[in-house]
> 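This is the structure I want to talk about, given as structure tokens.
Numbers restart at 1 for each chain; the letters A, B, ... are given by sequence-line order, proteins then strands.
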There are 2 protein chains.
Amino acid sequence: MAADDKPLRADAERNRRRLLDAAESLFCERGLEVGVGEIAQRAGVGRGTLFRNFPSKEHLIAAIVVERMSGAIVRGRALLEDGNPETALFEFLEEIVGRQQRDRALFDAVADTFLANPEIRAAHAEVVGVLDGLLERAQQAGAVRGDVSAMDVLMLIKGACQAATAFEHIDPGVTDRQLDLVRAALAAHTTTQPLRGRAPTLSDIEHAFPPAVPSDPVETATA
Amino acid sequence: MAADDKPLRADAERNRRRLLDAAESLFCERGLEVGVGEIAQRAGVGRGTLFRNFPSKEHLIAAIVVERMSGAIVRGRALLEDGNPETALFEFLEEIVGRQQRDRALFDAVADTFLANPEIRAAHAEVVGVLDGLLERAQQAGAVRGDVSAMDVLMLIKGACQAATAFEHIDPGVTDRQLDLVRAALAAHTTTQPLRGRAPTLSDIEHAFPPAVPSDPVETATA
DNA sequence: ACCTGAACACCGTTCAAGT
DNA sequence: ACCTGAACACCGTTCAAGT
């Protein structure tokens, strides 16, 4: 619901793209603290145009993150089609983790924006959906233990993501190494005791963030 | 090296403590974006006093993080004394992860500050040291696989940390669950293929951040 | 030596005026 | 409809004046 409702005027659409491209490359180069002024300048538009397209700088960041995530989703769907059940899951995990490496702090912002931004929540839900498909196939093939959920796995690869963003340029291979450890944790033939608690699910998150207000905090009338 | 060099005047020392306490509780309550003005006010001092004690807001945050980390270090040392080799390691991991839960975004800031702040690097090195001791004992007891390093483990628990900060209040038990998965990854009796790459070590980090300049970027002469 | 708060610089956001 | 850039608000940081 929402997103591409009104077809936008031609030049407006073009400006929006330019802003996204400019922001993406600037964020990649120098991190999230680049000013909106510089972004607008690089895009060849005024500052006001940026805020016409995106309600705030955070929304701009969120839009880029969403684009990145949908890239991963496409890859994941392809793996669901052809990939072999036993390995496709881990190829998808590598895909996700690999994206962290390219965009530095971009994904760090997700943790915060997560809470508020509905578009990111939607993209996240799709990632979990694809991951769930890949996971179930791997489980039915007997390659992965049956008592874990997609969100279990998503949390598990956080360490690999950190390795990718912070240490890959120092020690190439840490990321693969972390993923190997994740593999070991998910191996089906473990004689380890069963996991405590219940498998976390998407609705746990949805439940925590009700539709909510359009983000503007209600102003308290000053006596 | 550094830290408590000069014994500080009595009132100055007291102001420093008040600032740390005020900042700690305010950060806990409303996150890192609380203004320095409000922190100084809560501490009962002027804004200037804050910047006399801490070169920047980030340094203030770092100082709090360091205090928290040394709390964990104390606990870890105690576990090295008496705790039994097979379980002490995981008790320490629970200790670390538990701290994330209490302080919300406080530890998120570490990932960034990490790079620059030497005091945090020092505290971090101590954590790795203690963890290394606990890990080695567990390995010699045959409870944990022998091919992992302390930093391997530190990265692995990142997922558990995220669970602790973001999901524990929704689904109590996720953190324990994640730690169980870490346990499975570290189990000695895995028949999994060996890990790729080499075990990451502390000197990998040290090597990446040379003593460095006092943080002020050299100004480029104009024209 | 240390404290204070007014002043400064910077950056995200808005909005009246333009096309 | 959309674009623009000057103006605004906010916040981290500095510094001259005080004790």
> Knowing that exactly one of A/Glu81, A/Glu91, A/Glu94 qualifies, which makes a salt bridge (charged side-chain N to carboxylate O under 4.0 Å, His left out) with A/Arg75?
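Going through the options one by one, the only one that passes is A/Glu91.
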> Does B/Ser70 reach the main-chain N or O of B/Ile73 with its side chain, forming a donor-acceptor pair under 3.5 Å?
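A pair under 3.5 Å: no.
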> Nearest whole Å is fine: how far is C/dC2 P from B/Asn53 CG?
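Nearest whole value for this atom pair: 9 Å.
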> In terms of side-chain heavy atoms, does A/Thr175 have a donor or acceptor partner in A/Glu168 at a distance below 3.5 Å?
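Note: A/Thr175 and A/Glu168 side chains meet the donor-acceptor criterion.
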> Under 3.5 Å, side chain of A/Lys57 to main-chain N/O of A/Phe51, donor-acceptor pair present?
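Such a contact is absent between A/Lys57 side chain and A/Phe51 backbone.
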> Expressed as a whole number of angstroms, how long is the span from B/Arg14:CZ to C/dC2:C1'?
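The answer, rounded to whole Å, is 12 Å.
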> Quick one: which of D/dC2, C/dC3, C/dT4 gets closest to the side chain of A/Arg52?
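My answer, after comparing the listed nucleotides, is D/dC2.
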> Go along nucleotides 6-13 of chain C 5' to 3' and tag each nucleotide: B for a protein heavy atom under 4.0 Å from its base, S when only backbone or sugar atoms are that close, - otherwise.
-B----SB
> In which ranges does DNA chain D form stems of 3 or more consecutive Watson-Crick or G-U pairs, distances under 3.5 Å?
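Correct response: C:4-8 with D:12-16, C:12-16 with D:4-8.
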> Could you tell me whether the side chain of B/Asp171 and the main chain of B/Val174 form a donor-acceptor pair under 3.5 Å?
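Not confirmed, B/Asp171 side chain does not pair with B/Val174 backbone.
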> Find out whether B/Leu89 and B/Leu79 are in side-chain contact, i.e. whether some heavy atom of one side chain is under 4.5 Å from a heavy atom of the other.
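With C-beta onward as the side chain, the pair stays apart.
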> B/Leu50 CG to D/dT14 C1': how many Å, rounded?
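Atom CG in B/Leu50 sits about 13 Å away from atom C1' in D/dT14.
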> Starting from P on C/dA1, measure out to CG on B/Asp11 and report it in whole angstrom.
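Those two atoms, CG and P, are 13 Å apart.
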> I need the CD1-C1' distance between B/Ile39 and C/dG5, as an integer number of Å.
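Rounded to the whole Å, the gap is 17 Å.
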> Does the pair A/Arg183/A/Asp180 count as a salt bridge with the N-to-O cut at 4.0 Å?
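Here A/Arg183 pairs with A/Asp180 in a salt bridge, since their nearest N and O are under 4.0 Å apart.
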> Taking OP1 and OP2 of C/dC3, is either one under 4.0 Å from a side-chain nitrogen or oxygen of B/Asn15?
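It does, given that an N or O in the side chain of B/Asn15 lies less than 4.0 Å from OP1 or OP2 of C/dC3.
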> Using a 3.5 Å distance criterion without hydrogens, assess whether the side chain of A/Thr49 forms a donor-acceptor pair with backbone atoms of A/Val45.
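Side chain of A/Thr49 to backbone of A/Val45, a donor-acceptor pair under 3.5 Å: no, none is there.
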